[in-house]
Amino acid sequence: MVRVPFRAAADRVRHRLTRFTRPKSAACTPGDLTGAAPKPYVRALSMLAVVVIGAWLGLLAVGSIRTPVGPMDTNMTLRPSLTGGSKINVSPLGALELDSHIAPLRLDVDVDRLDPVRSQALVDQPERFSGLQDEVTRDVAAGTRELAVRSCVAVISGATALGLVIYRRPRRALAAGGLALTLLAASGVSAYATWNPKSVLEPKFSGLLSSAPSLVGDARSIVTEFDIYQQELARLVTNVTRLYDATSTLPVYQPDPGTIRALHVSDIHLNPAAWHIIASLVEQYEIDVIIDSGDTMDHGSAAENGFLDPIRDLGAPYVWVRGNHDSMVTQAYLEKFRNVRVLDDGRTVNVAGLRIAGTGDAQFTPDRSKPVGGKAAAELEGMRLATSLRDQERAGTPVDIAVAHDPNTARQTDGTVPLVLAGHLHNRINEQLKGGTRLKVEGSTGGGGLRAVQNDKPEKVRASVLYLDRSTRRLQAWDEITLGGLGLTTAEVSRHLPEENLKKDAPSSPAPTPSPTRSPARPTPSP
């Protein structure tokens with residue numbers, strides 16, 4: 001019974017092919033599906049169509065392999081193409097395309113993940129980096145050979161199976177399989193004859209990788225100074241792996257049901273390592289809500305949106321305001337996430353027992369140009385936010401935390417909210433404003449982003465865990481977490497208490513007490 005619909009569909013396809021190939025003058029007797037023999041070139045074209053479609057279906061079904069390439073796990077696939085070439089997809093950063101060959105087949109390589117065991121082996125044995133290029137070459141060659149064998153089987157099987165369905169004659173089905181193998185072999189010869197090893201010097205970048213040339217330098221300088229480039233690349237990979245390792249050794253605090261834990265992050269600037277760090281902190285500190293004060297992106301382009309997808313799996317609600325590097329396109333993309341609360345124009349949300357209000361940055365300057373409105377525009381936006389906060393208080397629903405990207409905006413909320421969070425400066429500021437509002441500016445959780453590798457010294461990675469009393473929703477303490485950034489492996493956690501709590505002998509709801517192995521609490525005066 002299952003075969004009946006499939007057989008009927010095959011009959012319809014075969015009938016239409018024969019109608020197309022039958023001469024107009026030919027008579028067709030009842031029950032005769034073939035009629036007069038079609039012209040030779042028409043038969044050849046119909047056979048070619050069956051072969052191409054069958055081979056394509058075969059490649060889609062089984063024409064791919066999973067193979068390790070150095071410390072990475074990859075998926076290699078052959079795909080029909082009019083131009084040929086190779087495409088390397090590095091999710092979520094983007095892709096690069098190479099004009100490696102001219103053939104009706106394109107090689108797709110998807111980098112799935114960085115294997116932690118093989119990566120750690122490179123960190124533990126740095127001398128292996130000198131032979132990494134040869135190892136990668138061997139892995140690619142082995143993977144290509146396996147892919148070639150599998151593709152041959154896929155092409156022959158697909159063309160033969162479709163030929164058997166269409167023609168119902170084993171001889172013609174085998175002829176279709178043989179023709180498919182011949183076309184694949186011709187494609188291989190064409191790829192080999194047109195192979196261009198210099199294509200790696202002129203790659204086409206897309207997605208977040210479009211900024212790669214500015215990070216690694218001109219391709220020709222890489223070739224002329226390959227030894228230096230290889231050493232720097234090895235150091236970068238080593239440092240990123242060590243940075244991941246540093247987060248796994250951060251102190252862990254005992255749960256306290258009387259405390260709300262909020263993680264304040266800011267200025268990630270497209271650094272993929274930030275998501276690993278944030279996820280680690282959420283798990284270790286049992287974070288109730290993540291508050292991001294903006295500049296998650298670098299240019300605010302739609303191509304960068306895929307970078308935001310890991311937010312869905314961080315394990316906590318995510319409150320976000322727009323920074324001057326985040327566009328309305330970025331904001332619209334984040335508004336579709338279930339666990340994200342986007343704040344703009346004074347919007348207020350209830351998350352994890354807190355009322356949080358915020359506004360996006362007044363200006364969009366992804367090219368780091370001088371803002372048109374400058375400080376005045378930021379302050380005006382802050383006045384609008386302060387008005388919204390006062391309206392909330394008069395309505396009997398006062399806000400616990402306000403969020404803005406620019407500290408100039410945040411300062412305008414003084415006296416209208418107990419705590420206001422900001423970013424933008426890539427440095428921490430803790431200040432008690434004249435009206436009683438505490439301003440906390442966070443550093444860059446992305447270590448300044450991918451461009452930070454251009455600086456003489458690596459920028460540190462910063463985030464803070466805020467402890468708030470569940471009944472009063474007031475800040476009781478905070479932990480400043482500082483990682484050494486690329487090239488450094490230090491992880492420092494320091495406890496701070498508000499000055500008003502220091503004057504009390506017994507705080508009403510103290511933050512969790514660190515274990516003996518953690519950094520001792522050391523109050524720091526407000527600047």
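Note that this is a predicted model, so its numbers are computed, not measured. Below, all heavy atoms of this structure are taken into account, side chains as well, without hydrogens, waters or symmetry copies.
- Closest approach of D292 to S266, counting heavy atoms only: OD1-CA, 3.9 Å.
- Residues A404 and A410 share a closest heavy-atom pair of CB-N, 4.2 Å.
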Pair K460, L483 - check side-chain contact (heavy atoms from CB on, under 4.5 Å), show working.
CA-CA 6 Å; K460 293 185 177 181; L483 304 180; over 6 Å; no
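- When every heavy atom of T416 is checked against every heavy atom of L389, the shortest pair comes out as OG1-CD1, 3.2 Å.
- A donor-acceptor pair is defined here as one N or O able to donate and one able to accept, closer than 3.5 Å; such a pair exists between the side chain of D326 and the backbone of T296.
- Between L466 and L421 the shortest side-chain heavy-atom distance falls below 4.5 Å.
- Checked against S280 for a side-chain hydrogen bond (donor to acceptor under 3.5 Å, both in side chains), the options Q284, E283, H276 give a single hit: Q284.
- Using a 4.0 Å cut-off between charged nitrogen and carboxylate oxygen, E381 and R384 count as a salt-bridge pair.
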Could you check I278 against I268 for side-chain contact (heavy atoms from CB on, under 4.5 Å), going step by step and ending with a plain yes or no?
CA-CA 11 Å; I278 293 173; I268 292 173; 4.0 Å; yes
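- A donor-acceptor contact under 3.5 angstrom links the side chains of N324 and T365, judged on distance only.
- Remark: D414 does not engage R411 in a salt bridge, criterion side-chain N to carboxylate O under 4.0 Å.
- Shortest non-hydrogen contact noted between Y467 and D479 is OH-OD2, 2.7 Å.
- For the 3.5 Å distance criterion, the side chains of R355 and N350 qualify, holding a donor opposite an acceptor.
- Side-chain atoms of V441 and N427, non-hydrogen and from C-beta on, never get closer than 4.5 Å to each other.
- Counting only distance, with no hydrogens or angles, the side chain of T348 and the backbone of A357 share no donor-acceptor pair below 3.5 Å.
- Each of V289, V319, L419, V417 was scored for a side-chain contact (heavy atoms from CB on, under 4.5 Å) with I401, with one residue passing: L419.
- Among all heavy-atom pairs drawn from T409 and A378, the shortest one is OG1-O, 2.8 Å.
- Distance alone, capped at 3.5 Å, is enough to place a donor-acceptor pair between the R428 side chain and the A463 backbone.
- Not one N or O on the side chain of D99 forms a donor-acceptor pair closer than 3.5 Å with the backbone of G85.
- With R341 contributing its side chain and V349 its backbone, the two residues share no donor-acceptor pair below 3.5 Å.
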Please determine whether side-chain contact (heavy atoms from CB on, under 4.5 Å) holds for the pair F364 and T330, giving the CA-CA distance in whole Å, both sets of side-chain angles, and the decisive distance to 0.1 Å.
CA-CA 12 Å; F364 180 50; T330 306; over 6 Å; no
Would S86 and V109 satisfy side-chain contact (heavy atoms from CB on, under 4.5 Å), going step by step from the backbone distance to the final call?
CA-CA 8 Å; S86 302; V109 180; over 6 Å; no
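- Judged by distance alone, the side chain of T74 and the main-chain N or O of P68 form no donor-acceptor pair under 3.5 Å.
- Checking each of E480, E442, H264 against S464 for a side-chain hydrogen bond (donor to acceptor under 3.5 Å, both in side chains) leaves exactly one that passes, namely E442.
- Under 4.0 Å is where a charged nitrogen must lie from a carboxylate oxygen, and between D345 and R347 no such pair does.
- A donor-acceptor pair under 3.5 Å is absent between the side-chain atoms of T445 and the main chain of V265, judged by distance alone.
- Across every non-hydrogen atom of D406 and N408, the tightest pair is OD1-N, 2.8 Å.
- Although no hydrogens or angles enter the test, the distance criterion places a donor-acceptor pair under 3.5 Å between the side chain of H405 and the main chain of S293.
- Classification of the H426-H269 ring pair by plane angle, with boundaries at 30° and 60°, yields tilted.
- When atom types are taken as modelled, the side chain of D267 and the backbone of H424 share a donor-acceptor pair closer than 3.5 angstrom.
- Taking a 6.0 Å sphere around CD of E393, one finds it holds 12 or fewer heavy atoms contributed by other residues, nucleotides or ligands.
- Counting heavy-atom neighbours within 6.0 Å of W275 CH2, excluding the residue itself, gives a total above 12.
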